[in-house]
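Here the structure is laid out as structure tokens; the discussion comes afterwards.
From a predicted model like this one, the values you see are computed outputs, not experimental measurements.
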Amino acid sequence: MAKFGSFVKMSDEYWTGLRDNPSSDREATVKNAVESVGGKLLFFGFVHGEYDVLVIAETPTHSDYIAVLAKAAFGGMISAMNTFPVVEQDVFTDGFAKMDKVQYTPPGG
């Protein structure tokens, strides 16, 4: 499973829908969408700043995560987003442990 996060800016249409139905459980909707591709929602919440929402999910593939985002975006709910991989610490420490095995010569070296 791959983990991804997205900072999401919601569209005016989203805010209008939420205003008209404030009891609409958006976390449950996102959870259902992620689970429909075989994934797991790890975090959904509203944030302050340039973006409105932070979503973190685990999905079988990157394309599964993109499918969920695309469905919401093409449904008119998202106006902008910034998506990024979420990498566990052990992946970084493993990469650093393997660094000496890498064949690389810097420019001028």
Side-chain angles (χ1 to χ4, degrees):
M1 295 282 253
K3 291 182 184 171
F4 299 96
S6 294
F7 285 108
V8 181
K9 184 170 182 65
M10 307 315 290
S11 68
D12 290 342
E13 185 178 349
Y14 174 91
W15 292 116
T16 299
L18 193 59
R19 179 200 66 204
D20 294 346
N21 185 8
S23 63
S24 176
D25 187 346
R26 304 323 304 153
E27 182 175 2
T29 299
V30 173
K31 180 180 182 210
N32 183 58
V34 171
E35 289 176 352
S36 73
V37 298
K40 179 180 178 183
L41 181 64
L42 302 175
F43 180 84
F44 173 89
F46 292 88
V47 296
H48 297 285
E50 181 180 349
Y51 293 97
D52 302 311
V53 169
L54 172 62
V55 175
I56 300 175
E58 192 172 55
T59 56
T61 67
H62 196 158
S63 62
D64 292 320
Y65 187 76
I66 296 301
V68 172
L69 292 177
K71 185 72 170 189
F74 283 103
M77 298 296 103
I78 295 173
S79 64
M81 72 183 99
N82 179 1
T83 298
F84 48 90
V86 175
V87 183
E88 301 289 340
Q89 178 179 323
D90 63 334
V91 173
F92 274 88
T93 56
D94 186 45
F96 275 78
K98 294 176 180 178
M99 185 172 53
D100 290 338
K101 298 176 184 175
V102 175
Q103 301 293 316
Y104 172 76
T105 304

Any salt bridge (charged side-chain N to carboxylate O under 4.0 Å, His left out) pairs touching residues 56-79, not counting sequence neighbours?
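Those involving residues 56-79 do not exist here.
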
Quick test of your reading: applying ring-ring contact (aromatic ring centres under 6.0 Å, His included), list the pairs with at least one residue in residues 20-41, sequence neighbours left out, ordered by first then second residue.
none

Membership question, hydrophobic clusters at under 4.5 Å side-chain separation (ILVMFWY): are M1 and V91 in the same one?
no

Members other than Y104 in its cluster, when Ile, Leu, Val, Met, Phe, Trp, Tyr link by side-chain heavy atoms under 4.5 Å?
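Listed partners: V102.
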
Please tabulate, one pair per line, all N/O donor-acceptor pairs under 3.5 Å involving side-chain atoms of residues 73-89, not counting sequence neighbours.
unit_1 : atom_1 : unit_2 : atom_2 : d
S79    : OG     : K9     : O      : 3.2
T83    : OG1    : S6     : OG     : 2.8
E88    : OE2    : K3     : NZ     : 2.3

State whether the number of non-hydrogen atoms from other residues, nucleotides or ligands found under 6.0 Å of D25 atom CG is greater than 12.
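Enclosed.
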
Tell me which donor-acceptor pairs under 3.5 Å the side chains of residues 32-55 have, and how far apart each pair is, sequence neighbours excluded?
unit_1 : atom_1 : unit_2 : atom_2 : d
S36    : OG     : A33    : O      : 2.6
D52    : OD2    : M10    : N      : 2.7

For D20 against P22, the heavy-atom pair lying closest together
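Reported closest heavy-atom pair: C-CD, 3.6 Å.
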
Set of side chain to side chain donor-acceptor pair (under 3.5 Å) partners for [X], sequence neighbours left out:
X    : answer
N21  : S23
K101 : none
T105 : none

List the residues meeting salt bridge (Lys or Arg N to Asp or Glu O under 4.0 Å) with E27, not counting sequence neighbours, and say none if there are none.
none

Under the salt bridge (Lys or Arg N to Asp or Glu O under 4.0 Å) test, which residues partner D94, sequence neighbours left out?
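Here the qualifying residues are K98.
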
Tell me, please, which residues at least two apart from Y14 pass ring pair (Phe, Tyr, Trp, His ring centres under 6.0 Å).
none

